[in-house]
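What follows is a short report on a single structure.
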Amino acid sequence: QVQFVESGGGLVQPGSSLRLSCTGPGVTFGDYAIGWFRRAPGKEREVVSCTSASDSSTAYIDSVKDRFTISRDNAKRTAYLQMTNLRPDDTAVYYCGANLMRRRCGSAAQIRAYEYDYWGQGTRVTVSS
């Protein structure tokens, strides 16, 4: 069973930055669209961002646009989520997922977690003063 691995979470103050990493050993990383999702306490999982396998397109939900940047390095089998100007409502467990079937992300509204083949166990981000 392929297990992706997230890292980089932590406890930070509002306005701070963090960079999350998602590593996918044992797969042809470049074949997969990579999505970042999060689950806040008491809330459903939501998509945050996605980077396509087929081209350089990306997608973001409105609440993180201009604050978060997704990127990938296929040679390192790693995707990143650079998060800046963090807010308390960004507090969540962040997960990365890999989607082989839908290689192009499209818009954030088109992203469906159930289409993702592999997942990590998550990394916790807490934004608090």
Side-chain angles (χ1 to χ4, degrees):
Q1 180 70 18
V2 175
Q3 180 76 57
F4 277 54
V5 180
E6 303 96 337
S7 62
L11 170 62
V12 296
Q13 294 187 337
S16 299
S17 299
L18 281 174
R19 188 177 80 158
L20 307 183
S21 298
C22 165
T23 301
V27 299
T28 305
F29 195 82
D31 287 347
Y32 292 81
I34 302 296
W36 282 99
F37 298 76
R38 66 186 180 187
R39 186 190 301 272
K43 295 187 177 180
E44 297 292 318
R45 178 176 54 186
E46 66 172 348
V47 64
V48 176
S49 183
C50 178
T51 172
S52 298
S54 57
D55 55 31
S56 60
S57 63
T58 58
Y60 300 90
I61 56 173
D62 287 345
S63 63
V64 307
K65 281 180 181 176
D66 300 324
R67 298 191 298 124
F68 291 10
T69 303
I70 193 170
S71 61
R72 64 192 296 159
D73 184 335
N74 292 332
K76 295 183 178 179
R77 294 176 173 165
T78 301
Y80 304 97
L81 187 68
Q82 179 69 49
M83 306 187 295
T84 64
N85 193 20
L86 282 160
R87 310 185 310 211
D89 61 357
D90 295 316
T91 295
V93 178
Y94 285 70
Y95 301 88
C96 68
N99 187 339
L100 181 62
M101 182 178 71
R102 188 185 294 273
R103 293 162 51 86
R104 189 172 184 277
C105 300
S107 69
Q110 294 174 305
I111 295 170
R112 300 290 181 267
Y114 62 77
E115 293 181 342
Y116 280 67
D117 303 284
Y118 303 120
W119 292 92
Q121 293 189 327
T123 184
R124 185 177 300 275
V125 174
T126 303
V127 185
S128 175
S129 55

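Sequential numbering from 1 along the given sequence is applied to the chain's residues.
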(message) To check you understand the geometry: which heavy-atom pair defines the closest contact between Ala33 and Ala53, and what is its length?
(response) N-CB, 3.6 Å
(request) Work out which heavy atom in Val27 is nearest to a heavy atom in Gly24; give both atom names and the distance. (result) CG2-O, 3.5 Å
(request) Kindly work out whether a path of hydrophobic side-chain contacts (I/L/V/M/F/W/Y, heavy atoms less than 4.5 Å apart) joins Ile70 to Tyr95. (result) yes
(request) Spell out, yes or no, whether Val47 and Phe4 are grouped together once hydrophobic residues are joined by side-chain heavy atoms under 4.5 Å, including indirect joins. (result) no
(request) Indicate the atoms forming the closest heavy-atom contact of Val48 with Val64, along with that distance. (result) O-CG2, 3.8 Å
(message) Ignoring hydrogens, what is the shortest heavy-atom contact between Ile34 and Tyr116? Give both atom names and the distance.
(response) C-CE2, 4.4 Å
(message) I need the minimum non-hydrogen distance between Thr78 and Thr23, along with the two atoms involved.
(response) OG1-OG1, 3.4 Å
(request) Report the distance from atom CZ of Phe37 to atom SG of Cys50, rounding to the nearest 0.5 Å. (result) 7.0 Å
(message) Using side-chain heavy atoms (C-beta onward) and a distance below 4.5 Å, is Leu20 in contact with Glu6?
(response) no
(request) For the residue pair Ser52 and Ser57, confirm or rule out a side-chain donor-acceptor distance under 3.5 Å. (result) yes
(message) Less than 3.5 Å apart, any donor N or O on the side chain of Asn85 or Arg87 sitting next to an acceptor on the other?
(response) no
(request) With rounding to the nearest 0.5 Å, note down the distance linking CZ in Arg38 to CD1 in Ile61. (result) 4.5 Å
(message) Arg39: which residues meet the salt bridge (Lys or Arg N to Asp or Glu O under 4.0 Å) condition with it, sequence neighbours left out?
(response) none
(request) Flag yes if Ile111 and Leu81 sit in one hydrophobic cluster, no otherwise; membership is Ile, Leu, Val, Met, Phe, Trp, Tyr, and two members link when side-chain heavy atoms are under 4.5 Å apart. (result) yes
(request) Please name all residues satisfying side chain to side chain donor-acceptor pair (under 3.5 Å) with Lys65, sequence neighbours left out, ordered by chain then number. (result) Asp62
Show the atom names and distances, to 0.1 Å, of all donor-acceptor pairs under 3.5 Å that link a side chain in residues 96-106 to residues at least two apart or in another chain.
from	atom 1	to	atom 2	distance (Å)
Asn99	OD1	Met101	N	3.0
Asn99	OD1	Arg102	N	2.9
Arg102	NE	Glu115	OE1	2.8
Arg102	NH2	Glu115	OE2	3.1
Arg103	NH1	Asp31	O	2.9
Arg104	NE	Asp55	OD2	3.0

(request) Kindly work out whether a path of hydrophobic side-chain contacts (I/L/V/M/F/W/Y, heavy atoms less than 4.5 Å apart) joins Tyr94 to Tyr118. (result) no
(request) Specify the closest pair of heavy atoms between Ala113 and Arg45, including all atoms of both residues, with the distance to one decimal. (result) CB-NH2, 3.5 Å
(message) Please report the interatomic distance SG(Cys22) to CZ(Arg77), rounded to the nearest 0.5 Å.
(response) 13.0 Å
(request) Quick one: list whatever passes side chain to side chain donor-acceptor pair (under 3.5 Å) with Asp73, sequence neighbours left out. (result) none
(request) Can you tell me which residue pairs pass the ring pair (Phe, Tyr, Trp, His ring centres under 6.0 Å) test with a partner in residues 49-81, sequence neighbours excluded? (result) none
Could you pull out every donor-acceptor pair under 3.5 Å between side chains of residues 119-129 and any protein atom, sequence neighbours left out?
from	atom 1	to	atom 2	distance (Å)
Thr123	OG1	Gly9	N	3.0

